[in-house]
Each structure stands twice: as structure tokens, then as C-alpha cells.
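Only one structure is covered here, and it is reproduced in the block below.
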4 protein chains.
Amino acid sequence: MAWLPLSGKRTLGCQDVPVAKAQRSGRPRDPGVEQRALSAARAVYAERGWSGFSLDEVARRSGIGKGSLYLRWPDKAALLVAAVRERARFIAEIDTGSLRGDLVEFARGWRDYLRTDEGALIFRLGVDATFSPQLAEAFAEDPYPEHIRATRAIIRRGLARGELPEGTSVALVADLVAGAVTNHVHTTPAHLLDAQSPDRVDELVDVVLAGTQKRSEVPSGTSDL
Amino acid sequence: MAWLPLSGKRTLGCQDVPVAKAQRSGRPRDPGVEQRALSAARAVYAERGWSGFSLDEVARRSGIGKGSLYLRWPDKAALLVAAVRERARFIAEIDTGSLRGDLVEFARGWRDYLRTDEGALIFRLGVDATFSPQLAEAFAEDPYPEHIRATRAIIRRGLARGELPEGTSVALVADLVAGAVTNHVHTTPAHLLDAQSPDRVDELVDVVLAGTQKRSEVPSGTSDL
Amino acid sequence: MAWLPLSGKRTLGCQDVPVAKAQRSGRPRDPGVEQRALSAARAVYAERGWSGFSLDEVARRSGIGKGSLYLRWPDKAALLVAAVRERARFIAEIDTGSLRGDLVEFARGWRDYLRTDEGALIFRLGVDATFSPQLAEAFAEDPYPEHIRATRAIIRRGLARGELPEGTSVALVADLVAGAVTNHVHTTPAHLLDAQSPDRVDELVDVVLAGTQKRSEVPSGTSDL
Amino acid sequence: MAWLPLSGKRTLGCQDVPVAKAQRSGRPRDPGVEQRALSAARAVYAERGWSGFSLDEVARRSGIGKGSLYLRWPDKAALLVAAVRERARFIAEIDTGSLRGDLVEFARGWRDYLRTDEGALIFRLGVDATFSPQLAEAFAEDPYPEHIRATRAIIRRGLARGELPEGTSVALVADLVAGAVTNHVHTTPAHLLDAQSPDRVDELVDVVLAGTQKRSEVPSGTSDL
DNA sequence: CGGTAATCGAGACGGTACGTCGCGTCTTCGA
DNA sequence: TCGAAGACGCGACGTACCGTCTCGATTACCG
């Protein structure tokens, strides 16, 4: 298993030159500029946060002209999205053989990732994107966050192997696992998260799995409301 | 039961006058100013989001001098937090008698609330607060979001009534229910949410309850699954 | 006699606050800002010329925010015009008693003034204003350059005293004196101007006066063309 | 006599290829490029003035690469000087036989030329050059404006023919005639210039000639007037 | 006739200034 | 003293140009 940087084919928000095919005319864009910009953007963001995230500073630090930045990204939000996504991209190449193993692996990875600067940012960007038209556009190409996609794939595999009762909703299980972990990280004070035994999220997965199992046995639960 | 606007006595971030005793001297503060400011702040935030949230605009719209705003809130983050919280406050006076009933009630209410403008605001603000030190500080006095507090209260009552196995972690169940609902709302496209049968969240609660039940039967969490 | 700074009543391009009468409301403009700005503008212009004249630099040097500058002048041209005019204003309070004395006084003063940084600028601004709509607007309130007005006044006095033949065109004499001096300064290399005896411009005046005198004697000159 | 466009052999600021001898190797320069560039430069300068004179715009309009422009002129000032001079060049081939005739011819021509777009351009450029070191350098090779040279030649001829008293300063007379005409054009509102009888400048010349004549009669310049 | 070398249009590059806008503070008047 | 108004210093925004550079394509000559 691994959190691998995505060998992505997508440009990730970095504006393509209008022409589709190879080089058109004029001096070609220096690919190094893009890399330096994204790296400087991450550095500035890490130091000063979003409110202190200034394109002027990115330009100053990377030695890139502002013009060249605006040639690639339409505004500072887009640059930040690209910068963070580049690193945030991973494919949960999780395959322990069992559903539980996969989910535990995922839950731990996601928890740790969320506590990372990059993870925190990508998550928040996802939320902001729901609200900000500006950000939403930058995010539009890829509406489903990576972690949601990853969980669903794992669950589908489990279903195929018969580890989950037939008819179990993939989305439902995914919401439970990913949502619970996210909620956990965002509502637990940092010092408690640090102190916490690693099996906190394991328990979480167990409850979910037990729940789906049990429900298939007792048809309609305590539905006497 | 009800989602009641809190008849709060708390000042909610609105700075008290330095002197402890009531009025000191000079012209007393106009209470209308506070209301107009908060209302204008909500309007601006809704229209332009955090990055476009400008105190100058709030002042312009409400006809309040910037001085008067800074007399009450230390910076624009504090004003926004106060503005959103004022409306967002509710107490889940949920008491159906059974744990499942309460949780289902809560899950439905939270789901609907999240899709509300106000709910979206408070949720986003919470996320923003995780990242902006400025906002975080404004949030610090009251770190736990309302919905988390509400869920925990419900679960504690259930534990007391013996509806949950002894030793069940309150935080864990709360994370599962609240997190799953939140995740559900934010990762499901709007049109699917609309079309969805109301018992989507009911199922969710059932799985969680079944999970906690089952786990108490099988000794070890790291089962043979 | 003297080249006196004009005790001007005009605001000279510094934008008035919209309201006509005294103070309206809000914090009043700091008059010191205007002074510091104009002075810094002159300094920057002197050092770097028009092409290096940067508002950013003026702001930096004077410790004034760019916002405050743009509150007063619509663009950098207007600021420079104001800065230069403030110093350039003079009233040729020339009154030696005789026409020749006045004209000589004026011619010397104008020659020396033109060789000044400020004088050179005001002259060039006047020329540029003939061509640039932007500058023209800034200059519009005062189409006649100061030196033209001054010369005409002197000549009119001379006419009144009978020192010039009746019917002599004021404009014609003014063009001759002011134009010749201007042309002289702008076409003579600097080192020659420095070396030159002061009576160079005196001669000039004498030729003009002699010419007007003679023409009144011999009706139509050598008009045999 | 005539105001002839100069059939100039001079390169006029257009940089020679470093090698003295004709063509070295490689593709020869396209002569059309130079013409298109100068013409576009004049158009841009006429429309937007010096401050709005942008090489990018010249390149865009003429369809010439910026590289090709910098191959020919070292900077935008040089391009502009070349562009304006190309059209502005004339040789005052004036020879009516008499000094007065020549001067009147010159004065009329200069007056009309100044009111021309081209004349205005070259005049303004000359003034700008006095102030912008960049422009001045571009002008340096040819410091005396065409009209000054022309007047001086005329006057020298007059002196040689004995039409002026011996010892009369050529520069002085030239300043008077050329300066007065220039001043006249630039300080008289356009509608008055239009309405004006053509002999306005004739008078001017007469005064100057009369003045020089008279002065030779009365011994001391510093007369008793 | 193929190679070499300069030119051509195009446009990216690092900079710097533009003119605008917002923050949080300050300073006035009138209530 | 508060409240409205708005000036203040600061600094980021996104745009436009400068003068340089690097592309591929073109066009002469030279061997």
C-alpha cells in the first residue's frame, strides 16, 4: 500500500496555452517557472496562512515576475489550489487483502494527512469551493475529493469479495468512515489527538463494519420510532 | 423538540465596555448599531464570502462608522463570527424518549440545517477557523460546534438509560453520526440530496447503533472479519 | 521688483473636496500631507526626470500612502503639474519706471528661470499640455503661461505711458521678447549661456524697442518684397 | 524655394549593422520592416503621446516582432526620434534674393509647419529632448533644430550682401525671428491663428529688421530710453 | 546544392510602476 | 462619551510595458 504522488495527466488548474497541440510559436513556457512558483506558494502559505498569502511575496521569493504568474493562473486562489493539489494528490493504493485492513489503512492515512498542513489546506479548499464561485471554478474539474473516491473504491472491492452484505450502500459506508474520521480530527483538540492511541480510528472502522453486518441479520433494526 | 434560536445571554464576542459597572458617562451605546452591523455583516459574507468580506462594505451598507465597529469587535473576523453565530445558535431540545429517535431527529435536523444558508455559513466558518489564526482566536472561547455538543448530550442520555453498552465512547458515536451526516451533505450533489428518500440518514443511524451493539457482543475489536 | 511666489487663491490642481464650503464631516485633510507630497514630487522629479518620476517613489519618500495621493490628484501628471506650479508661480512685480527697464528685467528673469529645473519643467509642461489631453485638462484652467501674461502687462503699461507708438500690437512685442528669450535659452548650448555676458538679452530688448520705434517713423519699411 | 522632404542619405538613428561593409551573411534585413515600424510609431505617438508611447503597441500594430525593433533602435526613444525625424526633415531652400523676402518666407513656412501634425510632433520632441536624458541622447548627434539652422543660413547671406549692419549677431536675429514665430503659434489660440491676416508674421520680421537697422545708427545699446 | 548564419514573427521572462481597494487607526463634528 | 464620516499609512491586488530571451521558420550567401 502507499500514498503515492499521483502520476497525474491533468494540468491541475495551471492554465493551458490556448492552443491544444504542442508548440505554436513564440518562446515556449519554461516548465521550471511553474515548479518554482508552486513550491514558493506552498512555502508562503505554510508560513503565513491564507490571509497572509500574497502573490507579491510568492513572486519576490521565487524570483518570478508577477506577469509570468498571471500567465498561468488567473488569481491567487487558483495558484494556491494548484500548489496544494500537486502535493495533495495521492492514490490510496491500499490493498491489504481484507476490507477491514483496507479501511483501517485508509482511516489512519486520512487522519494523519488531515493533520498535515497540506492535508488541512486541501480539505479547506474543498469546503471553500462549495461556497466560493471563484474557488469552485478552480475546483470544478474534479468535484469529488480524493478521499471520497478512495474510500468508495475500497468498499466496492469489499462488496465484490462478499465481505459486505449484498445491497449495502457504498456511499453510506463511505460517509461513515470518511466523515467520522474528518469530524474526529476537526473536533478533537490537538493535544488529545497526539496522545491518542492509534486504534482510535480502528474502533471506528469496527463499529461501522459491525453495523453493516448486524443490520443484514436483523432486518429493520429498532425501527419503532 | 425544536431548533430554537438561542435566547442567549452571552455577548457572543461583542466586546463589553471596559468598565464593569453599567454606564459610565457620556452617550450610551446605541443597541441598534450592533444589530444593523451583524445583519449587514451576514449579508456581505453571504454575497462575497470570506475573501470578499470587507469592513468598509459593512460600514457603507449599514451606515455605521468604522470607528463604531471597532469599538465593539477587535477585527473583522470577530465581527463575522459574532454575526454568524447570532443566527446559528440553536439548542437541540431533542427528547423523543429513545436514543434512536433522538439521533434520527438530530441527523435529519442537522442535514437540513446544513443545507440552509445559515447552516452553510456556520459550517464554513468553523472550517475557516481551523486555518485562520485570526478566526480561530475569535472562535476559541467556544471551541465545540453546537452540533457536536448536541449529539454528545443525546448519547450521554442514551448511555444513562442503558441503550448503549457500557464503556461505549461518547465521542466515537458522536463522530460517526455527525461526521457521516456532514460528509453526506457535502459530498452528495445537490440534486441527489433533493431526490433522496428521507430515510437515508435513518439508515445511517441504524448502522451506527447496530455497530455499537454488535461490538459489545464480540469480545475483540480486531475480529476475524 | 521681485519674482514673488504668488499668494495664490487658486488650489492649483489639487482636487477640492466635493463640498464647496468649509468642513463637511469626517476627518479633515491634513494640509501637511499636500506640502510633503509636492515637495517630495519636486525632489523625485529633479533626481530622475519625468521618465523616472514614480508615484510609488514619491509615496515612499514622503511617507504618504498612495491612497492619500490619489485622494488629491487624479494621476501622476496632475501631481507633478501641481508640484511644479506651486513653485513656478510668480508675479513679475516689475516696475522700474521705464518700459526698457521693465523688459530687460523681465527678460533676464525669464532667462534665468528657464534654466532652473523648475522653470524648465513648467515650460515643458506647458508645451506637453498643448498635445496631451491628460495634461491639457490639468492645465486647462490657466491657458496662458505666466510669462506671457507678465510681458503683456509690462507692454500695456509702456503703451499707456506713451513709450511705444500708438497702435503697436501688444501681442507682437510680447512674442518678440518672450519668444526670443525662450528660443535663445533652448537653442544655445549650456556652456555658451554660462559664459555669456548679461547684456545678451539686453541687446535683444533694444532691438525690439528700436524696431517698434523705427517702424512708426518709416511707414511700411522695406516692403518691396 | 521649397520645404522639401529631405532626400536624406543619413540613417537617422537607425542602427547600422555592426559591420561596415555591405552584407555579411545570413538573411538580409527587410527594408519594409523599418518603414512599417516608423509609420506605426508615428501613429501611436500621435494618438497617445509620449507617455502612452508603447513599443508593445507599435509591434502589435505593425506586426513586427519586438526583437526586430531592438535590432534597429536601442530603445523606444530612439525609435520615436527616428520616426518623427524622417517626416520632419526639410531643407528651407529659400532664396528670394532679399533678406526680408527670405525671412518672411521662412516665418510663414515655419508658422504653417508648426501647425501641421508633423511640425507639432518634431517641435514637441525637441522640447521633450531637453528634459529626458534618454531622448536627449537620441537627439544629440544633431542638436540644432532644422529651423534654427535654416534661419541662420538666411541671415548669414543677408550679412554677406550687406543688408544688415556689420557686427550684427546672427544668433540674435535668428532667436528673434524663429522664437517670435514659435511663441506666436504656441500662445495664440487656434481660432485666432486661423482668422489672422497672413501679414502678422510679416510685421514681425519688419520690426526685427527695423530694430537692427536703427541700432546701428544710435551708438550705445544701453540707450537713454 | 546543402550548410551556415542572420533575420523574421511570436511571445515568455524578470522587473517595476500603475491606479484601486481594504485594513485598522486617527481625528474631526454634532448629538 | 458615542456615533457618522472619512483621512491616514500601509501593502496587496491584477494590468501594462520595458528590454531581453528563446523558439521555429525563412532567406540569403558561401562553399
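Every chain is numbered from 1, with letters handed out A, B, ... down the list of sequences.
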Under-4.0 Å side-chain N/O to phosphate OP1/OP2 contact, D:Arg72 with E:dC8: yes

Please report the distance, rounded to the nearest Å, between CG in B:Leu69 and P in F:dA5. 12 Å

For A:Arg61, salt bridge (Lys or Arg N to Asp or Glu O under 4.0 Å) partners two or more places apart: A:Glu47, A:Glu57

Under 3.5 Å donor-acceptor, C:Asp75 side chain and C:Ala78 backbone: yes

Please check this pair: side chain of A:Lys76 against backbone of A:Phe53, looking for a donor-acceptor N/O pair closer than 3.5 Å. yes

Pair of N/O donor and acceptor under 3.5 Å linking E:dC26 base with C:Arg27 side chain: yes

Could I get a table of every N or O pair under 3.5 Å where one atom is in the protein and the other is in nucleotides 14-18 of chain E?
from: E:dG14; atom 1: OP1; to: A:Arg36; atom 2: NH2; distance (Å): 3.1
from: E:dG14; atom 1: OP2; to: A:Gly65; atom 2: N; distance (Å): 3.3
from: E:dG14; atom 1: OP2; to: A:Ser68; atom 2: OG; distance (Å): 3.1
from: E:dC18; atom 1: OP1; to: C:Leu55; atom 2: N; distance (Å): 2.7
from: E:dC18; atom 1: OP2; to: C:Leu55; atom 2: N; distance (Å): 2.8
from: E:dC18; atom 1: OP2; to: C:Asp56; atom 2: N; distance (Å): 2.8

Provide, to the nearest angstrom, the distance between the CG atom belonging to D:Leu71 and the P atom belonging to E:dA5. 17 Å

Locate the shortest heavy-atom distance separating C:Ile64 from C:Ala37; write the atom from each residue and the value. CD1-N, 3.7 Å

Taking every heavy atom of A:Arg36 against every heavy atom of A:Gly63, the minimum-distance pair comes out as NH1-O, 4.2 Å

Looking only at atom types and distance, does a side-chain atom of B:Ser62 sit under 3.5 Å from a main-chain N or O of B:Val58, one as donor and one as acceptor? yes

Rounded distance in Å - CD (B:Glu34) to C1' (F:dG3): 15 Å

